[in-house]
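When a residue number appears, it is its place in the shown sequence, counting from 1.
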Amino acid sequence: MGQFESQPPSWALALFRYIVHPEFREEIEGDLLEKYLSDLKKYGMKAARRRFYVELFSVFRPNLVLNLNRQIMERRNWFIFLLVTLGIVVASVAPFLPGPENDFSHAISRFVHVIGYIGLVFIPFGLIWLIIEIRNEKGGKLNKWTNGFYPSLLAMIPLFLFFPMQIAIGIHEPKGLNYELLIVSISITAFFIYRILKLKTKTDYKFNPAPLFIVLFPLIALLTSRFAVEKAAAISRESMILKSKPLIEAIDNYKIANGQYPEKLEALIGKYILEIPQLNIMGIRAYQYEKRNNSFQLSFEQLWHWNATEVVVYNSLGHDSIKGDYEKYSTKHDDWWYYMAD
C-alpha cells in the first residue's frame, strides 16, 4: 500500500484543520486517521474514503467548530450584556411608560430604532470577528487577526463610510449641520478608535465580548422596536380611546343643551365633565379638539414611530378622510382612525 493510499484526501484534511477548533483538532484528527486506516484494510480505498467523508462531516458541529463547551463570557461581561439589553428594551418602550408628556422619551426610543436598522450593516463584520474570537485557542499567542485588531477595523467600515456621508449631507441641508449630533458622533468614533488601537498590543488570549455585542444588540433593538413597541403602541392607543369616552359624551351633551358644539374643551369643565382626562403617558400628547360646523374632531398623538408620529383621530360624522393623502388604519372602535404623520 503506497503512502498516498494510506492517507485521506489532502483537501478533506485541510478543510477539517481549518474548520474544527484548535483545542479539538489533534485528538479528533488522530481518531479519524486511525479509523480510515482500519476501513482501508477492511473495505478498500474507495469505501474507506466514502466512510471517511461521512465521519468528517459528522464532526462539523457547533460545539467542536466554535468550542461552545467552554465558558467564554466572564460574569462581568454577562452583567454588561443583560444591563444593556434591559436598557434597550426600556428605551424602546419609553414613550409608553407612565409620566408627564415629554419629547425625551421619543428621542431615546427613536435612537434605539435607528440602532436596530443601521446596526444590521455591522452584523456580518461582527460575525467574522466573533467567530475568530471563539476559535482562538486558550494559551495561544495572538496576531493582529486573532487579537481582534483587523476584525474590529472591518466592523468599523460602515461607520467610516456613513459618518463622512452624513457630514456631507448635513452641509447641503438648509438647516446646516447638527453640531450637537456631530460632537456626539465624533466622541463615540474617537472612543471606538481608542479601543481598537489598544487591541494592537494584545498578545495573550482572553475572550473579547465586543463582537458578540455588535451582533446581538442591533438584533435586540430591531426585534424590540418591531414587536414590543408596536404592541405597546396598540395597548396605549386602545387605552386612550377608552379614556376619551366620557369626554366625547360631554361634548355631545353640550351640543344637546346648547344647539352647537363647544368652541373649546375647557367649556365643558364643571357642568358637563369634572376635568379633561389626563393622559399620563410620556409619549402621548394631550387631546386636541376641533369644532367643524355640525361636527367635531378629537385627536391625540403618540410619539413612538422612529420616523413618524402616530395621530389617532375621532370624527363625529364617521369620516375616514382624516388627513390629506396619508394612509389610514382602522381601530376596533367606530369613527376612530389613525395614520402616521411626518
Side-chain angles (χ1 to χ4, degrees), residues 73 75-127 130 155-156 158-159 162-163 166 170 178-192 194-195 208-240 278-286 300-312 338-342:
M73 285 273 278
R75 184 174 298 177
R76 178 175 62 89
N77 294 332
W78 279 115
F79 176 76
I80 293 172
F81 174 75
L82 294 174
L83 189 65
V84 175
T85 300
L86 180 62
I88 289 173
V89 174
V90 172
S92 292
V93 299
F96 313 103
L97 298 178
E101 172 195 331
N102 64 85
D103 290 333
F104 177 73
S105 62
H106 184 217
I108 61 174
S109 178
R110 183 172 56 185
F111 176 76
V112 171
H113 297 177
V114 172
I115 290 296
Y117 286 101
I118 295 179
L120 293 178
V121 182
F122 293 81
I123 289 177
F125 303 101
L127 278 173
L130 179 60
M156 289 286 286
L159 183 58
F162 178 78
F163 189 53
Q166 290 303 303
N178 185 328
Y179 288 99
E180 292 182 359
L181 181 61
L182 181 63
I183 292 171
V184 171
S185 301
I186 290 175
S187 302
I188 293 174
T189 304
F191 174 75
F192 286 160
Y194 165 73
R195 296 293 297 179
N208 185 348
L212 181 65
F213 298 160
I214 290 173
V215 171
L216 291 182
F217 286 157
L219 291 176
I220 293 170
L222 186 63
L223 291 173
T224 303
S225 63
R226 176 64 182 84
F227 297 105
V229 174
E230 289 193 11
K231 184 66 174 177
I235 292 172
S236 64
R237 184 189 312 123
E238 176 74 8
S239 172
M240 300 320 300
Q278 299 297 313
L279 307 184
N280 297 323
I281 296 178
M282 289 194 287
I284 294 186
R285 290 176 174 166
F300 61 89
E301 296 180 359
Q302 289 201 111
L303 305 179
W304 70 274
H305 202 273
W306 76 282
N307 66 349
T309 299
E310 179 186 292
V311 182
V312 188
Y338 71 95
Y339 64 94
M340 293 296 178
D342 297 334

Can you tell whether the side chains of Asp103 and Arg285 come within less than 4.0 Å, N to carboxylate O?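 Salt bridge present between Asp103 and Arg285.
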
Non-hydrogen atoms of [X] and [Y] that approach each other most closely:
X: Leu279; Y: Ala286; answer: CD1-CA, 3.3 Å
X: Val311; Y: Ala341; answer: CG2-CB, 4.0 Å
X: Asn102; Y: Ser105; answer: OD1-N, 2.8 Å
X: Pro95; Y: Ser92; answer: CD-O, 3.6 Å

Under the criterion side chain to side chain contact (heavy atoms under 4.5 Å, CB included), I'd like the reasoning laid out for Val84 against Phe217: C-alpha separation, chi angles, the key distance, then a yes or no. CA-CA 8 Å; Val84 175; Phe217 286 157; 3.5 Å; yes

Any non-hydrogen side-chain atom of [X] less than 4.5 Å from a side-chain atom of [Y]?
X: Glu310; Y: Arg237; value: yes
X: Met282; Y: Phe96; value: no
X: Leu219; Y: Leu120; value: yes
X: Asn280; Y: Pro98; value: no
X: Ile284; Y: Trp304; value: no
X: Val229; Y: His113; value: yes
X: Tyr117; Y: Leu222; value: yes
X: Val312; Y: Glu301; value: no

Is it the case that the side chain of [X] and the backbone of [Y] share a donor-acceptor pair, with hydrogens and angles ignored and the cut-off at 3.5 Å?
X: Thr224; Y: Ala221; answer: no
X: Asn77; Y: Arg75; answer: no
X: Ser239; Y: Ile235; answer: no

Nearest 0.5 Å, please: how far is [atom2] in [Y] from [atom1] in [X]?
X: Gln302; Y: His106; atom1: CD; atom2: NE2; value: 10.5 Å
X: Ser109; Y: Ile88; atom1: OG; atom2: CD1; value: 12.0 Å
X: Ser225; Y: Ile220; atom1: OG; atom2: CD1; value: 12.0 Å

With under 30° as parallel and over 60° as perpendicular, where do the rings of Phe81 and Trp78 fit, or are they tilted in between?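 Correct class here is perpendicular.
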
Pairs where residues 217-228 contributes a residue and the test salt bridge (Lys or Arg N to Asp or Glu O under 4.0 Å) is met, not counting sequence neighbours: Arg226-Glu230

Under the side chain to side chain contact (heavy atoms under 4.5 Å, CB included) criterion, do Val90 and Leu86 qualify, and how do the steps go? CA-CA 6 Å; Val90 172; Leu86 180 62; 4.1 Å; yes

